[in-house]
Amino acid sequence: MHTYPETAWTEFQTTWYIYQQLMTLPFKLRLGKEILNEAFVLNRDEEEVKSSTKRALNNGVPKEFIHILDEFTGVMATFETHKSGPTFVLRFDIDALPIQETEDAQHLPNLLGFRSRHDN
């Protein structure tokens with residue numbers, strides 16, 4: 001995943017990858033707008049979203065999946081135990097930061113071959 005980073009609100013490939021990993025497990029999965037309150041979506045660049053959607057489609061993310069997301073990313077997985085007791089929640093950020101990764105040969109991603117393929 002480090003090799004193909006996506007900045008905030010553009011994580012279409014990452015969302016697809018996570019969805020594929022979780023869909024065979026006994027989770028109820030919800031996606032995109034279904035799990036977001038648009039009033040709290042800040043600093044979303046619509047041109048970058050369009051460009052990232054196109055890149056995801058070109059990299060094998062199904063058009064139907066992009067349609068389900070309705071141009072918003074993210075996955076929520078719920079596992080229902082049907083037992084009383086506390087709720088346990090894990091939250092993971094999946095967006096990359098818009099920075100240029102170093103080309104230093106000693107940088108671990110360079111050493112192990114998973115350096116970002118996207119500049120900035």
### Message
Could you work out, with side chain to side chain donor-acceptor pair (under 3.5 Å) as the rule, every residue matching Glu48, not counting sequence neighbours?
### Response
Thr7

### Task
List, by chain and number, the other hydrophobic cluster members for Phe88, where Ile, Leu, Val, Met, Phe, Trp and Tyr join if side-chain heavy atoms come within less than 4.5 Å, directly or indirectly.
Leu90, Phe92

### Task
Enumerate the residue pairs fulfilling salt bridge (Lys or Arg N to Asp or Glu O under 4.0 Å) with a member in residues 57-73, sequence neighbours excluded, ordered by first and then second residue.
Lys33-Asp70, Lys50-Glu71

### Query
Is a donor on one side and an acceptor on the other found under 3.5 Å between the side chain of Arg117 and the backbone of His2?
no

### Message
I need the minimum non-hydrogen distance between Ser52 and Thr10, along with the two atoms involved.
### Response
OG-CB, 3.2 Å

### Task
Scan residues 5-19 for pairs that pass salt bridge (Lys or Arg N to Asp or Glu O under 4.0 Å), counting only residues two or more places apart or in two chains.
none

#### Entry: N/O donor-acceptor pair under 3.5 Å between Asn110 side chain and Gln106 backbone
no

#### Entry: Same cluster (ILVMFWY, side-chain, under 4.5 Å), Phe12 and Tyr4
no

Per-pair distances, 0.1 Å, donor-acceptor, side chain in residues 34-41, under 3.5 Å, sequence neighbours excluded:
unit_1 : atom_1 : unit_2 : atom_2 : d
Glu34  : OE1    : Leu31  : N      : 3.4
Asn37  : OD1    : Ala39  : N      : 2.9

### Message
I'd like to know if the side chain of Asp45 reaches the main chain of Trp9, judged simply by a donor and an acceptor atom lying under 3.5 Å from each other, with no hydrogens or angles considered.
### Response
no

### Task
May I ask you to list the residues sharing a hydrophobic cluster with Val89, side-chain cutoff 4.5 Å, ordered by chain and number?
none

### Query
Above 12 or not: heavy atoms from other molecules or residues under 6.0 Å from CG of Asn43?
no

#### Entry: CD1 on Ile99 to OG on Ser116, rounded to 0.5 Å
9.5 Å

### Message
Filter on side chain to side chain donor-acceptor pair (under 3.5 Å), then keep only pairs touching residues 15-29, sequence neighbours left out; what's left?
### Response
Trp16-Gln20

### Query
Passes side-chain contact (heavy atoms from CB on, under 4.5 Å), Val61 versus Ile66? Steps please.
CA-CA 7 Å; Val61 176; Ile66 298 290; 3.8 Å; yes

### Query
Of all residues at least two apart in sequence or in a different chain, which pass the side chain to side chain donor-acceptor pair (under 3.5 Å) check with His118?
none

### Message
Please tell me whether Ile68 and Val49 are part of a single hydrophobic cluster in this structure, the criterion being side-chain heavy atoms less than 4.5 Å apart.
### Response
yes

### Flag side-chain contact, heavy atom, 4.5 Å: Ile18 against Ile94
yes

### Task
Check salt bridge (charged side-chain N to carboxylate O under 4.0 Å, His left out) between Asp93 and all other residues, then give those that pass, not counting sequence neighbours.
Arg91

Table please: side-chain donor-acceptor pairs of residues 74-87 below 3.5 Å, with sequence neighbours left out.
unit_1 : atom_1 : unit_2 : atom_2 : d
Glu80  : OE2    : His82  : N      : 3.0
Thr81  : OG1    : Lys83  : N      : 3.3

### Query
Should Arg115 and Thr3 be marked as a side-chain contact (heavy atoms from CB on, under 4.5 Å) after you check the CA-CA gap, both sets of side-chain angles, and the distance that decides it?
CA-CA 5 Å; Arg115 181 183 191 279; Thr3 306; over 6 Å; no

#### Entry: Non-neighbouring partners of Asn120 that pass side chain to side chain donor-acceptor pair (under 3.5 Å), sequence neighbours left out
none

### Task
Assess whether atom CD of Gln100 is packed by more than 12 heavy atoms of other residues, nucleotides or ligands within 6.0 Å.
yes

### Summary
Glu46 meets the side chain to side chain donor-acceptor pair (under 3.5 Å) criterion, sequence neighbours left out, with Arg44

